[in-house]
Amino acid sequence: VDSEMLNSNNRIAFMTSAEFGRVYIDDVSLVNSIFNPSELSIINPVAGSFWTSGTDQIIEFNSTNNFQDVLLQYSTDGGSSWTDIVQYYPQNGYNSIIWNVAANPGLSPNSHIRIITADAQLYSISNAFTIIGGTTFAGGTGTGADPYLVSNAEQLNNVRLFLGPDNANVYFLQTDHIDLGLSPWTDGEGWSPIGTAAQPFYGNYNGNGYSISGLTINRPALTHVGLFGYASNASFVNIGLTNVDITGYLRVGALVGRINNGYVANCYSTGSLKGELVIAGLIGNLYNGSTLENSYSSVNVQMVPGANNQQAAGLVGRILGGSLIRNSFATGTVTGLGAWAGGLLAINSDGEITNCYATGNVTGDNIVGGLIGLSDNGNINNCYSVGKVTHFGQGGGLIGGSSTGVAYNSYWNNETSTQSASFAGEPKNTLEMINLFIYSAWDFGGTWSIAEGSSYPYLQWQGGPMAFNYPPS
């Protein structure tokens with residue numbers, strides 16, 4: 001075929017060797033669509049995004065011309081096979097199509113969307129994204145109104161797919177008890193904590209009152225260890241961890257190793273936990289304006305010998321940067337090495353502890369307290385401790401050491417603790433501590449209760465005094 005360009009009327013003319021005369025193509029954009037496939041570009045889905053089967057999602061792309069019909073297709077296997085979505089007629093500029101994401105049997109992290117011509121000439125292909133379907137979760141779309149439903153260990157493990165700040169508005173709701181005390185979750189090093197310093201968990205997990213039992217972690221060289229390793233701007237509520245067996249290195253807690261600017265409420269843990277540096281029954285570090293409330297730990301915490309031993313506690317290793325613990329308690333034994341051990345908290349740096357108590361025995365080398373190891377410019381309000389305190393250096397019945405910290409209306413049992421002194425707080429004997437009169441500044445209308453003459457104070461949300469709320473007979 002011989003051809004020549006006719007400048008008039010914006011037309012392209014073709015001359016053929018047969019006697020057809022001159023043939024014109026008036027739509028120059030049609031020729032562009034044949035020869036310039038780069039003029040269409042997909043901008044959504046973006047790389048790494050998650051689309052759930054059965055939800056409406058917007059496929060977005062830009063076009064530099066008006067095109068004849070093209071075909072949109074999707075692949076869930078990295079491009080080995082393709083399925084049609086819709087035939088479309090792109091216009092010059094921005095284009096969008098609402099797609100009800102196709103059913104998918106499971107998790108497809110290497111999904112793509114492409115635009116092709118009728119003769120399968122490729123125009124554009126999207127970056128890889130994930131289609132969630134099948135048994136990835138028990139249901140839901142991940143919104144606050146329709147959270148992803150988590151009913152078994154495999155689905156709990158899939159929570160780790162949603163890390164980083166782009167997933168800050170993803171929600172999860174547990175719908176059944178989950179047993180992690182089985183293979184493969186106990187094999188080798190056991191559970192891999194969800195979230196790292198490089199990719200923290202930013203989402204929102206609601207345990208819904210169901211338990212997670214048998215969490216097993218054996219990673220003595222790992223930093224940020226727990227069910228969740230590292231979290232930022234995250235929330236954890238209504239989570240129960242029973243019979244945990246955890247070994248880590250630094251920032252170790254049954255629920256989370258470290259949380260920044262987060263919220264934790266109505267959570268608890270039981271079992272045993274070991275580590276070398278900053279270890280506690282529920283949370284390793286509670287940092288940067290985080291809040292922990294209405295929670296407890298009965299985990300027995302033991303520090304293993306190492307070059308950097310410090311900070312062991314029953315509930316939280318250290319709080320910093322205006323963080324807050326309130327209406328919470330710890331009952332587990334704490335065996336620390338090196339500096340800073342406390343029945344509730346190892347170090348309070350610029351934080352506040354209100355309406356809390358600790359009943360477990362605490363052992364450490366230096367700066368050891370029944371409630372807090374070191375109060376470093378932190379406040380303590382309406383708290384008490386009753387556990388035995390053993391130290392080989394500095395220590396105290398309520399607080400082992402203090403720089404500028406203060407304690408208001410807070411007490412320790414100077415009989416059961418075997419400590420006659422503390423860096424803050426007031427000593428009381430057992431008889432005094434089971435009588436209401438010494439707690440005149442406390443709120444017994446909405447926060448505390450006491451079995452007068454029988455029990456130590458307990459928090460009303462407990463529903464009643466437990467065995468650890470009574471003095472030894």
Side-chain angles (χ1 to χ4, degrees), residues 250-253 275-281 283-287 292 301-303 305-325 328-330 332-354 356-428:
L250 167 61
R251 301 189 184 104
V252 184
E276 186 175 324
L277 177 61
V278 192
I279 64 174
I283 298 172
N285 281 153
L286 189 74
Y287 273 13
L292 168 65
V301 175
Q302 180 180 354
M303 189 159 276
N308 300 303
N309 286 141
Q310 59 170 283
Q311 300 183 52
L315 188 70
V316 177
R318 185 180 185 182
I319 67 172
L320 179 69
S323 294
L324 169 67
I325 303 175
S328 298
F329 64 88
T333 61
V334 177
T335 305
L337 296 169
W340 305 306
L344 185 86
L345 174 66
I347 299 179
N348 176 10
S349 297
D350 303 306
E352 183 174 311
I353 314 299
T354 299
C356 294
Y357 67 88
T359 65
N361 297 335
V362 187
T363 301
D365 291 334
N366 193 32
I367 314 179
V368 182
L371 187 76
I372 298 173
L374 175 68
S375 184
D376 177 22
N377 197 32
N379 291 330
I380 302 161
N381 307 288
N382 306 340
C383 296
Y384 75 88
S385 65
V386 298
K388 181 180 180 180
V389 178
T390 304
H391 56 89
F392 304 101
Q394 181 176 305
L398 189 74
I399 299 175
S402 177
S403 54
T404 57
V406 294
Y408 301 101
N409 307 310
S410 297
Y411 314 97
W412 82 93
N413 188 321
N414 58 7
E415 295 177 328
T416 57
S417 70
T418 70
Q419 300 295 308
S420 60
S422 173
F423 276 77
E426 300 178 41
K428 302 293 179 182

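Since this is a predicted model, take the numbers as computed values, not measurements.
In this structure a side-chain-to-backbone donor-acceptor pair under 3.5 Å is present from Asn309 to Glu276. Ser422 places a side-chain N or O within 3.5 Å of a backbone atom of Ile399 that can act as its donor or acceptor partner. Ser323 contributes a side-chain N or O that, together with a main-chain N or O of Leu286, makes up a donor-acceptor pair within less than 3.5 Å. At least one donor-acceptor pair under 3.5 Å links the side chain of Gln394 to the backbone N or O of Gly400. Between the side chain of Ser417 and the backbone N or O of Glu415 there is no donor-acceptor pair closer than 3.5 Å. Thr335 contributes no side-chain N or O that, together with a main-chain N or O of Gln302, makes up a donor-acceptor pair within less than 3.5 Å.
Separating the CG atom in Asp350 from the CG atom in Asn377 is a distance of 4.5 Å, to the nearest 0.5 Å. The CD1 atom of Ile347 lies 5.0 Å from the CH2 atom of Trp340; values are rounded to the nearest 0.5 Å. Remark: Ser420 OG to Trp412 CH2 distance equals 7.5 Å, nearest 0.5 Å. The line from NE2 of His391 to CG of Asn366 is 9.0 Å long, rounded to the nearest 0.5 Å. Note that the CG atom of Asn348 and the CZ atom of Arg318 stand 9.5 Å from one another [nearest 0.5 Å]. Atom-to-atom distance recorded for Leu345:CG and Ile325:CD1 is 5.0 Å, nearest 0.5 angstrom.
Scanning both residues, Gly370 and Ala358, for their nearest heavy atoms gives O-CB, 3.6 Å. Minimum heavy-atom separation, Asn379 to Tyr408: OD1-CE1, 4.5 Å. Ile367 and Gly373 get closest at one heavy-atom pair: CG2-O, 3.2 Å. Scanning all heavy atoms of the two residues, the minimum distance from Leu292 to Ser328 falls at O-OG, 4.2 Å. Counting all heavy atoms, side chain and backbone alike, Gln311 lies closest to Ala346 at CA-CB, 3.7 Å. Closest heavy-atom contact between Met303 and Ala312: CE-CB, 3.8 Å.
Taking Ala339 as the reference, nothing meets the side-chain contact (heavy atoms from CB on, under 4.5 Å) condition, with sequence neighbours excluded.
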* To do: Assess whether ring-ring contact (aromatic ring centres under 6.0 Å, His included) is satisfied between Tyr357 and Tyr384, documenting all intermediate values.
  => CA-CA 5 Å; Tyr357 67 88; Tyr384 75 88; 5.0 Å; yes
* **Candidate pair Ile353 and Ile319, rule side chain to side chain contact (heavy atoms under 4.5 Å, CB included), full reasoning** => CA-CA 10 Å; Ile353 314 299; Ile319 67 172; 3.5 Å; yes
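Annotation: side chain of Pro305 is in contact with side chain of Leu337 (closest heavy-atom distance under 4.5 Å). Put simply, the side chain of Thr390 does not reach to within 4.5 Å of the side chain of Asn361, judged on heavy atoms.
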